[in-house]
A.B. asks: 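Submitted below is the structure of interest, expressed as structure tokens.
As the structure lists them, so they are numbered: ligands from 1, and atoms in each ligand from 1. Side chains included, hydrogens not; waters and symmetry mates left out as well; all remaining heavy atoms used.
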Amino acid sequence: MSGRIEYISGPVVKADLPGARLYELVFVGELKLFGEVVRVQGDKAFIQVYEDTTGIKPGEPVVRSGEPLSAWLGPGLLGRIYDGVQRPLKLIFETTKTPFVARGIGYDQAPPLDLKAEYDFKPVVKQGSEIWPGDILGVVQETSLIEHRIMYPPLPGNTPGTVEWIAEGKYRVDDVIARIRTKHGVVEVKMWHKWPVRRPRPFKEKLPPVEPLITGVRTIDTMFPVAKGGAASIPGPFGSGKTVTIRTLFLYAQARIVVPVLCGERGNEAADALQGLLKLKDPFTGKSLLERTSIIVNTSNMPVAAREASIYTGATIGEYFRDMGYDVLVSADSTSRWAEAMREVALRIGEMPSEEGYPAYLPTRLAEFYERAGRVILIGREERVGSLTIAASVSPPGGDFTEPVTSNTLRFIGAFWPLSPRLAYSRHYPAIDWLMGFSRYVDTVQEWWIKGVDPEWRRMRDTLQTVLSREAELQEIVRILGTEALSEAEKHILNTAFLIREGFLKQDAFNPVDTPSSPKKQVLLMKIIYTYYTEGLKAVESGVAASALRELDIVKRIPRLRMEVTNDKVEELEKALEALKASIAELVAKRAV
Ligand code: ADP
């Protein structure tokens with residue numbers, strides 16, 4: 001089970017290590033640095049090392065663990081801040097007294113879960129109950145916000161059986177809490193288990209993405225929605241609002257559990273983002289957001305290999321909470337930094353570089369990550385559903401969306417929220433480019449809106465989008481020929497587009513009246529602008545000037561409504577809608593006299 005180092009190249013070590021398996025966890029050198037086998041060639045293994053390899057020499061030992069790199073899953077995950085291979089940063093800090101840098105600190109010194117911690121276990125099945133892998137055995141109240149559901153884990157060898165004994169009361173994470181009699185003998189179940197991070201956890205069936213994940217952001221929910229179990233990409237250059245967008249999702253998206261994976265490189269991007277997250281309060285309960293969060297963070301002074309592993313660790317923790325029946329949101333900010341880490345390792349293990357130096361397996365790796373999203377029927381005897389939604393940012397160099405990470409990401413995601421530096425510069429936030437954005441979920445989630453919120457949802461949404469693209473065409477004409485070249489109806493389109501941008505798309509993430517916007521408020525704001533457009537167009541056809549419509553007092557109020565009307569006072573918006581209809585009718589009537 002052991003071998004010797006042949007050479008060291010930055011974060012990569014080549015070793016003579018017979019029998020090594022791909023993705024096996026190994027310990028490298030006298031210091032027992034953490035590493036993972038990423039390529040096997042006969043008896044030789046290439047290992048990506050999760051710690052600084054300085055000072056390690058050829059000839060030093062490498063020891064195999066016989067296990068793949070795995071996440072520890074059980075009570076204690078929430079509120080923790082981990083590195084890319086799930087070592088709790090606080091513990092590493094306390095052990096080494098230097099922030100974030102740890103060498104030779106394995107899971108024995110910095111365990112991902114405190115196995116001695118006690119929890120009050122409440123069984124939900126009885127002795128003699130039939131039980132399948134995936135079924136919930138009991139629950140512990142992990143934080144005041146989240147009940148941690150302990151399952152009969154879907155590990156190899158765990159076959160259906162009956163409960164021979166089940167615990168009740170205070171137990172430690174590492175204690176046996178149930179014995180399951182199966183055809184092959186008795187399985188002892190603890191509150192925690194390990195799961196290989198690169199292997200998706202099983203489910204019965206993927207469901208169609210018909211339920212929107214409401215985020216409270218109008219440009220997202222109404223224009224480019226993401227479904228529960230869907231995947232969204234947020235590309236944008238530095239300063240365009242990626243961090244603020246992801247922060248808004250964490251705060252307001254209707255997900256019970258959020259798992260941010262922070263991959264920064266420049267300066268202390270990740271550390272700053274982490275500081276920001278730690279301060280957040282859950283808007284629904286006022287408690288710390290950490291009570292329903294498990295954070296993975298890679299700062300710039302951490303070795304790149306841990307960054308490569310981090311998104312798989314995040315996805316595995318996300319799937320574990322999904323398996324409890326929760327709606328989970330996993331985000332990665334930014335996947336470009338993750339891909340750069342993969343590129344560096346690939347070059348050092350001698351992979352043939354493909355586009356821009358990235359290995360040929362970049363698309364496969366991206367697909368493997370995004371495919372872990374889904375709203376699924378869970379395994380187990382009872383039919384239960386859980387979802388994992390992924391929202392990940394990309395930071396394309398120079399804002400070029402044709403570069404390999406952005407362009408390949410587009411193949412695997414359903415919602416695209418591109419951030420425009422031009423919009424950010426003019427302080428149009430969120431700076432999602434409405435002409436480039438898209439969502440493949442509009443068709444699947446429309447039923448939800450139409451049945452539950454407003455039968456006109458789809459028609460209004462599509463009309464807004466058409467007006468915005470007509471605006472872009474008309475602006476071209478205005479640029480060349482001036483406003484005089486436009487008909488009254490065309491001027492009315494430009495005036496409507498102005499209202500859409502100012503009164504609907506713009507949304508201040510830091511204004512508590514504006515954000516989050518409930519589905520009902522979103523629809524009413526949209527309906528007011530839609531009515532201005534359609535009723536206004538009829539008025540223009542009967543001879544009313546576009547400027548007369550624009551100058552109506554009620555119309556001047558439209559851009560401010562989003563910041564004046566709170567989610568619980570939407571009847572104000574209904575009143576505004578009636579006032580608008582009356583004012584337009586009055587103009588038409590005057591014209592007819
Ligand atoms: P990035 O992560 O892309 O570098 P940030 O998310 O840090 O960019 O955004 C830069 C700045 O833009 C923020 O500090 C904030 O002032 C402003 N901003 C971005 N999005 C919004 C928003 N939705 N509402 C209000 N301000 C925003």
A.B. asks: If you take the nearest heavy atom of each of Y429, F510, F238, which one is closest to atom 17 (C) of ligand 1?
C.D. replies: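 Nearest option to atom 17 (C) of ligand 1, by heavy atoms: Y429.
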
A.B. asks: Under the salt bridge (charged side-chain N to carboxylate O under 4.0 Å, His left out) criterion, do E291 and K287 qualify, and how do the steps go?
C.D. replies: CA-CA 7 Å; E291 291 204 16; K287 303 236 163 111; 5.3 Å; no

A.B. asks: Ignoring angles and geometry beyond distance, decide whether T243 reaches within less than 3.5 Å of ligand 1 through its nitrogen or oxygen atoms.
C.D. replies: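 Looking only at distances, the answer is yes, because the N/O contact criterion of under 3.5 Å is met.
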
A.B. asks: Checking contacts here: is it the side chain or the backbone of Q507 that comes within 4.0 Å of ligand 1, counting heavy atoms only? Could be both or neither.
C.D. replies: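 Q507 to ligand 1: backbone contact only, side chain stays beyond 4.0 Å.
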
A.B. asks: Any protein heavy-atom neighbour for atom 2 (O) of ligand 1 (distance below 4.0 angstrom)?
C.D. replies: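 True for atom 2 (O) of ligand 1.
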
A.B. asks: Counting only heavy atoms closer than 4.0 Å, does ligand 1 sit against the backbone of P237, its side chain, both, or neither?
C.D. replies: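 Under 4.0 Å from ligand 1, P237 contributes backbone atoms alone.
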
A.B. asks: Among all the protein's non-hydrogen atoms, which is closest to atom 8 (O) of ligand 1, and how far away is it?
C.D. replies: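 Heavy-atom neighbour on the protein nearest atom 8 (O) of ligand 1: G241 N, 3.0 Å.
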
A.B. asks: Among all protein heavy atoms, pick out the one at the shortest distance from atom 4 (O) of ligand 1; state its residue, atom name and that distance to 0.1 Å.
C.D. replies: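 Its nearest protein heavy-atom neighbour is G239 N, 2.6 Å.
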
A.B. asks: Quick check: do E344 and E308 have side-chain heavy atoms less than 4.5 Å from each other?
C.D. replies: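 With C-beta onward as the side chain, the pair stays apart.
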
A.B. asks: Taking atom OH of Y425 as the centre, does the number of heavy atoms from other residues, nucleotides or ligands within less than 6.0 Å exceed 12?
C.D. replies: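 Counting neighbours around OH of Y425, 12 or fewer heavy atoms of other residues, nucleotides or ligands fall under 6.0 Å, so no.
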
A.B. asks: For atom 14 (O) of ligand 1, is the nearest protein heavy atom closer than 4.0 Å?
C.D. replies: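 Under the 4.0 Å cut-off, atom 14 (O) of ligand 1 has no protein heavy-atom neighbours at all.
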
A.B. asks: Output yes when E578 and K575 qualify as a salt bridge under the 4.0 Å nitrogen-oxygen rule, no when they do not.
C.D. replies: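 Looking at E578 and K575, the cut-off is not met.
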
A.B. asks: What residue and atom, counting heavy atoms only, is the protein's closest point to atom 24 (N) of ligand 1, and at what distance?
C.D. replies: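 Checked against all protein heavy atoms, atom 24 (N) of ligand 1 sits closest to A509 N, 3.0 Å.
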
A.B. asks: With no hydrogens and no angle check, do the side chains of T316 and R198 hold a donor and an acceptor under 3.5 Å apart?
C.D. replies: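 Short answer, no.
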
